[in-house]
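Residue numbers start from 1 in every chain, and the chains themselves are labelled A, B, ... in the order their sequence lines are given, proteins ahead of strands.
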There are 2 protein chains.
Amino acid sequence: MATMQRLQNTGLELFYAQGYYNTSVDDILKKLDLSKGAFYYHFDSKEDYFIQIIQNLLARKIYSTLIEPIEGHDNPLSLITKCFDDAMETAVHNEMDYGCILSNFLTEFNGKNDVIMRHLNEIVTVWEVNLVTTLQKGKFNGYLDRHVDCEAAATFLMSSYFGVRTLMTSEAPSAKKYRFMSQLRQYFKSIEAKPVNF
Amino acid sequence: MATMQRLQNTGLELFYAQGYYNTSVDDILKKLDLSKGAFYYHFDSKEDYFIQIIQNLLARKIYSTLIEPIEGHDNPLSLITKCFDDAMETAVHNEMDYGCILSNFLTEFNGKNDVIMRHLNEIVTVWEVNLVTTLQKGKFNGYLDRHVDCEAAATFLMSSYFGVRTLMTSEAPSAKKYRFMSQLRQYFKSIEAKPVNF
DNA sequence: CTATAAAAAGACCATATGGTCGGATTTACC
DNA sequence: GGTAAATCCGACCATATGGTCTTTTTATAG
């Protein structure tokens, strides 16, 4: 694999596990047995490096785990349920889980680096737009109650997902997942299309 | 005010705004116009310093904003609604909001410092226990449907609150708050006690 | 084989960091 | 006023950090 790819992959790994500010360029170089020269040949700075990681790896990761799985013409509530369930199951089985990578970086860079924040927010927006669209389509197709505010539902879903991933990192992730999912279904039941009365 | 108090207050401020790893002891000292000697006279290390801040300031802060407001014999769903609304309103009006301080530190220290994580998790547990107790009492008093899983509801509430505070930091906090609250009420409607059929 | 450019090495630099330590200064108390 | 303890100062240290620069290696085309 090309050096540039290895650098980005290992960078994302370490930044996710240890945080951006708590991970030095030397840490990454040591892990790959590379030199400073190799690094600064491919990237202008640590910040430039991270931005490329965001665009090349993080964006795709979020897309493949949170966006693509909810596309389709089925009941969006079922798709979202399965999507969240799968994502959390991966986290549970990952002995070293550090929460939702996107949420973590949002927390780390908020108020500290506007450039990086813009890139992260772009990803958040893509997710949000996709969620809203999916919910609206679901409403149109008769899966959701027609009174549902899809923007609000999307915000609520994103919030709860970010939060539960944070909570899961501290204690009893499996129990947290189970409890979360049960209440997510409860919430979904309250916004799904009501059977028509004859 | 005593030097030790000033150090702790300013420390919490800066750690919240910039993160623990991204804030140096010198940063805090400069802001207070104090010297290294003063700092290391009162604290053994940066870590010891932070732990004292957690116990003296963070724990109280969480208690006064998230725990104490939901104590009482009224409808717990109303109390929680008002508590979250107030907390988020404070965040909205704070031009420089960095999210839920507890959630942020959980994210920053997860997998990096077990000692600090234990202290943070203790606070999380206190909050959780209080939420569960309040909900159970509410069920006993006929405010909640008798089928509600109170542990699950507490997890769901904590998750969504952590998450929405993170989301609010990135864009349109006021809109996010409004949307979140509307869906929180929706969820609450689905777990409140159902009127009895005659 | 050689010329050329891409890729990588690694010594070096300025600055920042957490932490130490001997001494100065302030405070409390007799 | 004198004394001892509490408080604070700031120079100093070892190490770490992001980044630069020159040199060497590697690959590739003619």
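Comparing A:Gly37 and A:Tyr21, the nucleotide of DNA chain D nearest to each residue sits closer to the 5' end for A:Tyr21.
Between B:Tyr41 atom OH and C:dT26 atom P there is a gap of 16 Å when expressed in whole angstrom units. Rounded to a whole Å, the CD1 atom of A:Ile28 is 11 Å from the P atom of D:dT17. Residue B:Phe39 contributes atom CZ, which lies 22 Å from atom P of D:dC12 at whole-angstrom precision. Straight-line distance from the NZ atom of A:Lys30 to the C1' atom of C:dA9: 17 Å, rounded to whole Å. Remark: C1' of D:dT24 and NZ of A:Lys36 are 19 Å apart, rounded to the nearest angstrom. In this structure, B:Phe43 places its CZ atom 15 Å from P of C:dG18, rounding to the nearest Å. In this structure, CG of A:Asn22 is placed 10 Å from P of D:dG18, rounded to the nearest angstrom. Atoms NE2 (A:His42) and P (C:dA7) sit 6 Å apart, rounded to a whole Å.
Side chain of A:Tyr40, nearest nucleotide from D:dG18, C:dA9, C:dG18: D:dG18. In this structure, the nucleotide among C:dA9, C:dG18, D:dC8 sitting nearest to the side chain of B:Ala38 is D:dC8. With distances taken from any side-chain atom of B:Ser45 to the nucleotides C:dA9, D:dC8, C:dG19, the minimum falls on C:dG19.
For the OP1/OP2 pair of C:dA7 and a distance below 4.0 Å, the side-chain nitrogens and oxygens of A:Thr3 include no atom meeting the criterion. For C:dA16, neither phosphate oxygen OP1 nor OP2 lies less than 4.0 angstrom from any side-chain nitrogen or oxygen of B:Ser24. Side-chain N/O atoms of A:Ser35 include none lying less than 4.0 angstrom from OP1 or OP2 on C:dG10.
Separating the CZ atom in B:Arg118 from the CG atom in B:Asn113 is a distance of 9.0 Å, to the nearest 0.5 Å. Rounding to the nearest 0.5 angstrom, the gap separating the CG atom in B:Leu32 from the CG atom in B:Asp27 is 11.0 Å.
Remark: A:Lys82 engages A:Asp86 in a salt bridge, criterion side-chain N to carboxylate O under 4.0 Å.
Results of the ring pair (Phe, Tyr, Trp, His ring centres under 6.0 Å) test with B:Phe50 over B:Tyr16, B:Phe15, B:Tyr21 single out B:Phe15 as the only residue that passes.
Here the shortest heavy-atom pairing between A:Tyr161 and A:Ala87 reads OH-CB, 3.3 Å.
Within 3.5 Å, no donor on the side chain of A:Lys46 pairs with an acceptor on the base of D:dG19, nor the reverse.
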